[in-house]
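Values below: every heavy atom of this structure, side chains too, minus hydrogens, waters and symmetry copies.
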2 protein chains.
Amino acid sequence: MLTIKGRILLFLAEQGGIARELPISTVKLAEELKISQQTASRVLIELERAGLIERAGIGRKHVIKLTEEGLKELLEMYTSLKRVFETPVEVELEGYVFSGLGEGAYYLQIPYYARKFEEKLGFKPYPGTLNIRLTGRDQVLRRLMVEKAADIEIESFSDERRSYGGAKCIRALMNGEEEVAIIFAERTHYPKEVVEVIAPICLRERFKLRDGDKVTLKVRVSPINL
Amino acid sequence: MLTIKGRILLFLAEQGGIARELPISTVKLAEELKISQQTASRVLIELERAGLIERAGIGRKHVIKLTEEGLKELLEMYTSLKRVFETPVEVELEGYVFSGLGEGAYYLQIPYYARKFEEKLGFKPYPGTLNIRLTGRDQVLRRLMVEKAADIEIESFSDERRSYGGAKCIRALMNGEEEVAIIFAERTHYPKEVVEVIAPICLRERFKLRDGDKVTLKVRVSPINL
DNA sequence: ATTACTATTTCCCGAGTAA
DNA sequence: TTTACTCGGGAAATAGTAA
């Protein structure tokens with residue numbers, strides 16, 4: 001992915017060639033980067049001519065350090081990549097509403113979950129989940145992406161009666177208007193193309209939804225979490 | 001600095017190819033990256049074979065997206081660069097102590113400066129500066145580097161009588177033992193090979209220094225500030 | 001329009017070797 | 001030892017063109 005010039009420049013920077021002069025021979029450099037001594041020599045000459053490094057020959061020992069230009073070159077690449085990895089991308093999920101068997105509502109009225117959701121999401125969830133069946137190519141992959149990025153954790157829990165499975169959530173925007181959360185329950189009988197959504201309000205009322213209506217979910221995901 | 005594969009992968013990521021399928025032709029891609037259409041086509045084939053991207057031809061329109069592998073590839077480069085730019089490097093300055101004309105002491109007893117230094121550095125400076133003349137090749141460049149990274153600002157100031165010049169400071173470790181600060185005064189009559197150091201204590205006493213004694217200053221600098 | 005083949009040129013890596 | 005030249009082979013880029 002990096003040219004030889006790039007690899008050498010990066011290697012020199014990693015070795016501390018930013019702050020001080022590195023005593024390194026073309027032979028050593030070639031060994032480290034698994035290239036020939038000749039190539040190392042030639043590329044150093046080119047980097048020097050391009051003003052990206054400076055060399056000095058003190059007696060037999062040669063030393064190398066990056067110039068400001070050389071550091072700038074690396075910095076440019078760094079900022080490009082930084083932008084890619086630190087700018088959230090919007091992933092859009094699309095699917096159709098359908099009715100479940102009311103398990104969502106069942107779980108949400110269990111005090112443990114109700115309390116946890118309110119604590120972690122900052123709202124008291126309406127006691128019912130909206131089931132959405134994703135459609136179209138690529139949707140399941142996107143769902144996996146979103147699940148991977150889901151960063152709000154509801155821990156599993158057990159009391160003397162039974163155990164409660166955990167879940168992961170992530171905030172989303174439904175139909176471009178309403179703040180909701182997608183729930184990925186640890187134990188679910190739904191297949192991978194289904195997601196469950198909760199919100200502080202009744203989403204069916206809010207959007208006048210009937211089974212089969214299409215809805216969209218926009219999720220902001222940082223690529224570094226993928 | 002990036003190979004064509006790298007440039008194309010980065011471009012696709014920048015265009016949002018992480019989260020969704022991009023509709024982009026080899027002609028457009030070639031234009032954007034200033035390469036030939038043929039090269040764009042060939043490289044896409046290679047990237048696809050390497051498992052870094054996925055393509056789908058929906059009718060005439062072709063779409064491209066990065067695979068997890070492709071994103072991982074970029075992430076590796078990103079983490080290498082991140083390490084380089086976010087790991088502080090230690091810059092070592094070396095020089096000989098000499099006596100000035102007492103201006104350091106003069107300025108440090110001016111209440112404005114005394115107060116400012118204490119506020120910004122977190123210690124009450126001993127009323128006197130230690131003057132150090134840097135020696136050896138590369139030292140002046142290092143000094144410039146350190147000055148550029150100096151991030152503690154003492155603002156200039158004026159009252160009815162006169163104006164007080166500003167300064168920039170940076171923390172350093174003298175002789176590997178004592179926490180000090182290097183002062184880069186805006187107005188100084190010293191040449192570039194001289195730095196002035198202050199500390200909460202009398203450094204001359206602490207290290208039993210006499211004129212001509214050698215001292216070192218270690219400064220931690222984040223490469224991103226250079 | 002589009003992608004991608006084949007042919008040609010250009011460029012770059014590394015072997016041999018001088019200094 | 002060290003760096004860096006010349007040069008031959010091969011990879012990689014573009015041109016031409018088919019589908």
Side-chain angles (χ1 to χ4, degrees), chain A residues 1-13 15-17 20-67 70 73-74 77 137-138, chain B residues 1-13 15-17 20-67 70 73-74 77 137-138:
Chain A
M1 305 293 288
L2 278 175
T3 59
I4 297 216
K5 282 188 191 179
R7 287 175 57 204
I8 290 187
L9 208 57
L10 180 57
F11 177 78
L12 294 174
Q15 297 300 307
R20 62 178 195 284
E21 299 180 318
L22 297 173
I24 187 163
S25 73
T26 55
V27 176
K28 196 89 190 66
L29 189 58
E31 263 170 33
E32 293 280 356
L33 299 180
K34 313 226 187 294
I35 55 176
S36 68
Q37 176 273 322
Q38 292 87 337
T39 297
S41 170
R42 179 175 45 78
V43 175
L44 286 180
I45 292 169
E46 287 165 7
L47 287 172
E48 196 174 11
R49 289 211 179 120
L52 303 184
I53 63 167
E54 274 169 6
R55 292 200 289 176
I58 307 173
R60 295 253 170 114
K61 288 283 166 201
H62 286 237
V63 290
I64 311 177
K65 65 173 289 194
L66 270 73
T67 61
E73 192 81 17
L74 288 178
M77 251 171 39
R137 42 171 283 98
D138 205 36
Chain B
M1 306 290 290
L2 279 174
T3 60
I4 297 218
K5 282 188 192 179
R7 287 174 58 202
I8 290 186
L9 208 58
L10 180 57
F11 178 79
L12 294 174
Q15 298 299 308
R20 62 177 197 284
E21 299 180 317
L22 295 174
I24 186 164
S25 74
T26 55
V27 176
K28 196 91 192 67
L29 190 59
E31 264 171 30
E32 293 280 358
L33 300 180
K34 314 230 187 290
I35 55 175
S36 68
Q37 176 273 324
Q38 291 87 340
T39 297
S41 171
R42 178 177 45 79
V43 175
L44 286 180
I45 292 168
E46 288 165 9
L47 287 172
E48 196 174 10
R49 289 209 180 121
L52 304 184
I53 63 167
E54 274 169 6
R55 291 200 288 176
I58 309 173
R60 295 256 170 112
K61 287 284 165 199
H62 286 237
V63 291
I64 310 176
K65 66 171 289 193
L66 270 73
T67 61
E73 192 82 17
L74 288 178
M77 249 172 37
R137 43 171 283 99
D138 205 38

query = Less than 4.5 Å apart, any side-chain heavy atom of B:R55 and any of B:I45?
reply = yes
ask   = Is there a donor and acceptor pair, one atom on the side chain of A:Q38 and one on the base of D:dA4, closer than 3.5 Å?
value = no
message = Go through it in stages, so that I can follow the logic: the residues are A:L52 and A:K5, the test is side chain to side chain contact (heavy atoms under 4.5 Å, CB included), and I'd like the CA-CA distance, side-chain angles, deciding distance and then a yes or no.
response = CA-CA 10 Å; A:L52 303 184; A:K5 282 188 191 179; 5.9 Å; no
Could you go through residues 23-35 of chain B and list every donor-acceptor pair under 3.5 Å that involves a side-chain atom there, pairing it with any protein atom two or more places apart or in another chain?
| unit_1 | atom_1 | unit_2 | atom_2 | d |
| --- | --- | --- | --- | --- |
| B:S25 | OG | B:V27 | N | 3.4 |
| B:S25 | OG | B:K28 | N | 3.1 |
| B:T26 | OG1 | B:Q37 | NE2 | 3.3 |

query = Whole Å only: how far is the CD1 atom of B:I45 from the P atom of C:dT6?
reply = 11 Å
ask   = With nearest nucleotides of DNA chain C determined for A:K34 and A:Q37 from heavy-atom distances, which residue corresponds to the more 5′ nucleotide?
value = A:K34
task = Ignoring backbone atoms, test whether B:R55 places a side-chain nitrogen or oxygen under 4.0 Å from the OP1 or OP2 oxygen of C:dT2.
result = no
key: Between P of C:dG14 and CG of A:L29, the distance in whole Å   = 12 Å
remark   = note: A:R49, atom CZ; D:dT3, atom C1'; distance rounded to Å ~ 13 Å
query = Ignoring hydrogens and geometry, is there a side-chain-to-backbone donor-acceptor pair from A:T3 to B:T3 under 3.5 Å?
reply = no
task = Let me know the distance between CD1 of A:I8 and C1' of D:dT3, rounded to the nearest Å.
result = 14 Å
query = Got a second to check how far A:M1's CE is from B:M77's CE, nearest 0.5 Å?
reply = 5.5 Å
query = Which whole-number value in Å describes the distance from B:H62 NE2 to C:dA4 C1'?
reply = 10 Å
Nucleotide N/O of nucleotides 10-13 of chain D paired with protein N/O under 3.5 Å:
| unit_1 | atom_1 | unit_2 | atom_2 | d |
| --- | --- | --- | --- | --- |
| D:dA13 | OP2 | B:R42 | NH1 | 3.0 |
| D:dA13 | OP2 | B:R42 | NH2 | 2.4 |

key: Atom pair CD1 (B:I64) and CG (B:L12), whose distance is rounded to the nearest 0.5 Å   = 5.5 Å
key: Rounded distance in Å - CD (A:E48) to P (D:dT3)   = 12 Å
